[in-house]
Amino acid sequence: MPYLRVALDIPLARLFDYMAETAELDMVGKRVVVPFGNRRLVGLVLEVDELPADPSLKIKPAEGVLDDLPALSAAVLDLLRFCADYYQYPLGQVVHTALPGRFREVGYFRVPPACAYQACDPDALMASLKPQARTQRRVAGLLAQPRSEAELRALAPSAWKLAQAWLAQDKLRSVPLAAVTLQVAAGPALNPEQAAAVAAIAAGQGFACHLLRGITGSGKTEVYLHAIAAILRAGRQALVLVPEINLTPQLEARFRHRFPGTAIVSLHSGVADGERAAGWVRAARGEAAIVLGTRLAVFTPLPRLGLVVVDEEHDASFKQQDGLRYSARDIAVYRARLAGVPIVLGSATPSLESWQNAVAGRYRRLDLVQRAVSGAQPPSMRLLPTRRQPLQDGLHAATLAAIGERLARGEQSLVFLNRRGYAPVIHCSECGWMAACTRCSARLTVHLRERRLRCHHCGWEQHFPPACPGCGNADIKPVGQGTQRLEATLASLFPEARVQRIDRDSMRRKGSFEAALKAIHAGEIDILIGTQMLAKGHDFPALTLVAVVGADGGLYSADFRASERLYAQLAQVAGRAGRADKPGEVLIQTDFPEHPLYQALLADDYAAFAATELAERKLAGFPPFLHQAVLRAEADTLAEAIAFLNRAVALAPESSEVTVWDPVAASMMRLASRERAQLLVQSAGRSRLGAFLAAWMPRLRSERNAKVRWSLDVDPLEL
DNA sequence: AGCACGCCGACT
DNA sequence: GTCGGCGTGCTC
């Protein structure tokens with residue numbers, strides 16, 4: 001009678017043994033329903049053995065192995081084991097974060113085989129439609145070729161319903177996807193740089209990591225599409241990761257257009273549970289040729305994986321910030337290595353980790369330094385010194401003049417300020433009081449329209465006080481600039497302009513972001529005010545001016561990654577200006593116009609910036625020259641959190657090659673009424689650090705600490 | 001994580 | 001007399 005070693009979604013770093021009722025040996029990678037305490041749980045069989053791991057335990061029989069899904073392959077299981085090991089996170093929980101939520105439910109999950117639909121007789125179908133039925137005719141026209149359900153759905157809301165009706169009337173037939181021959185629609189011709197990049201990616205045998213450094217507008221996506229076309233032709237699958245769900249729809253549309261009839265699965269948190277599970281199954285069965293998704297898609301089983309693409313690889317959203325704190329970019333590289341396939345990391349401003357890997361020769365650099373659309377000019381960039389300058393509500397006279405010019409020419413302007421709310425703080429001029437959150441160590445942000453003060457960290461809200469609670473002074477003023485204040489200022493300075501603010505507050509309602517993008521494209525907006533929401537990946541052909549306000553904060557921050565993020569953000573937002581035939585202009589208001597970061601940005605010299613930054617990091621002993629992990633603790637009092645961390649230091653294994661720093665209060669010490677502290681561990685060797693953590697974590701886990709919640713963050717992005 | 005067991009305070 | 005507070009311990 002075989003014993004099953006089962007991974008359960010339980011925060012314990014071990015597997016659980018069950019007796020199998022049958023003697024089948026191909027149960028590894030399958031779901032199993034097991035009794036657990038007085039509950040029934042769904043687990044995943046990771047191993048099958050003739051002997052129990054611990055004979056002293058009483059072992060219950062498993063209820064049954066579910067045979068509805070393709071078993072997880074050894075390749076994916078290896079990837080999950082690596083994650084558990086590398087991030088020191090319980091394997092059972094790794095398994096369950098990697099699987100779609102549906103699979104944790106007891107019950108069978110059925111996914112019909114993916115197929116495409118095609119008109120039996122395209123001409124007859126078209127002839128049967130009235131000339132004025134334009135949508136119907138468009139759908140019919142499309143169905144001359146095999147089309148997937150997703151493609152039809154993307155065409156028009158009614159298209160899929162229509163296709164189903166025709167299918168019922170036998171006007172359409174379904175074609176198994178395997179029988180659909182790959183079609184690749186024509187795209188723009190590649191310039192020599194792009195062609196060289198595609199050739200380099202295709203040329204390699206087995207694993208290779210390519211760092212595709214492409215300036216904005218250089219056509220990175222076109223390189224991905226060509227590289228993907230090549231591996232699809234070879235019958236392989238592609239995995240494409242993007243940082244945000246906001247970016248998936250437009251990329252998905254471009255992919256569908258290029259590969260008509262091909263099953264493209266979109267996986268991100270915006271996709272409904274059932275659909276996500278179905279997409280996962282289609283990828284696992286090998287029916288889907290392309291998986292396009294956010295970080296969670298990195299675990300999707302792909303039996304014929306041929307290429308991995310990570311777009312905007314520098315983006316921090318690839319790192320999960322809770323639970324299993326994995327970096328999807330790093331996991332993607334590891335996965336490509338395991339699978340022996342090439343991976344492309346694309347960015348205009350690569351992470352310094354990746355850049356250093358290229359410098360050291362571990363990654364191959366592919367550069368795109370020309371704009372793909374011939375004739376398109378890079379934006380002209382200018383710094384506006386703001387020191388000792390009279391500003392109008394934070395705006396330089398030249399900024400206002402430039403906006404005025406755009407208005408006169410009927411072009412769009414974007415004012416970029418990465419701070420939402422009306423003002424970051426409210427201040428009493430008499431006693432110096434500032435409104436602070438009672439639950440966090442943070443200032444309360446003024447939201448003037450709602451007449452409320454809000455904590456952007458914990459969500460606490462209160463009324464705008466009529467007078468200073470400290471001294472009773474009625475003259476309390478919002479200090480500093482937020483997007484709401486900029487919006488008010490610009491609306492009053494340019495009363496004829498149509499002003500739209502785009503930030504998390506104004507775009508809270510579902511679909512409002514899409515609606516705003518549409519309005520911008522339709523030319524219904526003159527002045528845009530936005531946070532980083534607007535900086536990423538969106539094309540606005542009529543936008544010719546980008547003005548950056550309040551960027552200096554990233555120059556002299558305590559966070560050693562702040563300047564890297566600032567450079568990336570500015571390069572990205574600058575890229576929004578003048579993408580079509582109209583030249584763009586970028587104005588950056590700053591108190592430090594001589595700062596090397598701005599100088600490199602103006603010269604569009606990322607290599608120079610990276611070299612300076614890496615030299616500083618090497619000198620100061622920061623990543624990527626060292627590897628870090630942070631142990632964070634949170635408790636009702638700071639003393640409890642620190643005491644736990646001190647205990648952790650005492651439990652730390654002896655290691656001359658790992659440095660364990662003293663516990664310190666977290667930079668946001670209080671958050672939602674909990675006090676937080678942390679402790680940094682670092683080592684020059686990645687495997688040394690890994691071995692240290694592997695020895696340390698079991699000791700910490702065996703500590704009984706009801707009051708302290710703690711977590712480990714390997715390769716933290718923020719300290 | 002759940003869920004039970006367990007021992008001390010205010011209620012129909 | 002019980003309902004229920006959350007501390008402690010266990011789950012193959």
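All chains are named by letter (A, B, ...) in the order of the sequence lines, taking the proteins before the strands, and each is independently numbered beginning at 1. Below, each value reflects all heavy atoms present in this structure, side chains not excepted, and no hydrogens, waters or symmetry copies.
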> Reckon A:Arg14 touches a base, only the sugar-phosphate, or nothing at all at heavy-atom distances under 4.0 Å?
Replying inline: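 It contacts base atoms.
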
>> Mind checking if A:Leu8 touches a base, just sugar-phosphate, or nothing, with heavy atoms under 4.0 Å?
In response: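 Touches nothing.
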
Inspect the contact between [Y] and [X] and indicate whether a charged nitrogen and a carboxylate oxygen are less than 4.0 angstrom apart.
X        : Y        : value
A:Lys536 : A:Glu244 : yes
A:Asp273 : A:Arg104 : no
A:Asp49  : A:Arg5   : yes
A:Arg561 : A:Glu353 : yes
A:Lys319 : A:Asp713 : yes
A:Arg676 : A:Glu634 : no
A:Arg454 : A:Asp505 : yes

> Quick one: do the A:Ser354 and A:Asn357 side chains pair a donor with an acceptor below 3.5 Å?
Replying inline: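 Per modelled atom types, A:Ser354 and A:Asn357 side chains form no pair under 3.5 Å.
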
> Earliest and latest nucleotide of DNA chain C, 5' to 3', sitting under 4.0 Å from a non-hydrogen atom of chain A?
Replying inline: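 From 5' to 3', the first and last contacting nucleotides are C:dG9 to C:dC12.
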
> Of all of residues 35-42 of chain A, which get a heavy atom below 4.0 angstrom from DNA chain C, listed by number?
Replying inline: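 Listed by number, they are A:Pro35, A:Phe36, A:Gly37.
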
>> Any residue in residues 51-59 of chain A with a heavy atom nearer than 4.0 angstrom to DNA chain C? Just list them by number, or reply none.
In response: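 Contacts with DNA chain C under 4.0 Å: A:Leu57, A:Lys58, A:Ile59.
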
> Does any non-hydrogen side-chain atom of A:Lys707 lie less than 4.5 Å from one of A:Phe644?
Replying inline: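 When only atoms from C-beta onward are counted, A:Lys707 and A:Phe644 do not touch, as no gap falls below 4.5 Å.
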
> Testing A:Tyr326, A:Tyr334, A:Phe103, A:Phe82 for ring-ring contact (aromatic ring centres under 6.0 Å, His included) with A:Phe299, which one passes?
Replying inline: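 The option that passes is A:Tyr326.
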
>> Without decimals, in angstroms, what is the distance between A:Asp322 CG and B:dA1 C1'?
In response: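 A:Asp322 atom CG is separated from B:dA1 atom C1' by 15 Å.
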
>> I need the CG-C1' distance between A:Leu324 and B:dA1, as an integer number of Å.
In response: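 Checked: the CG to C1' distance equals 16 Å.
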
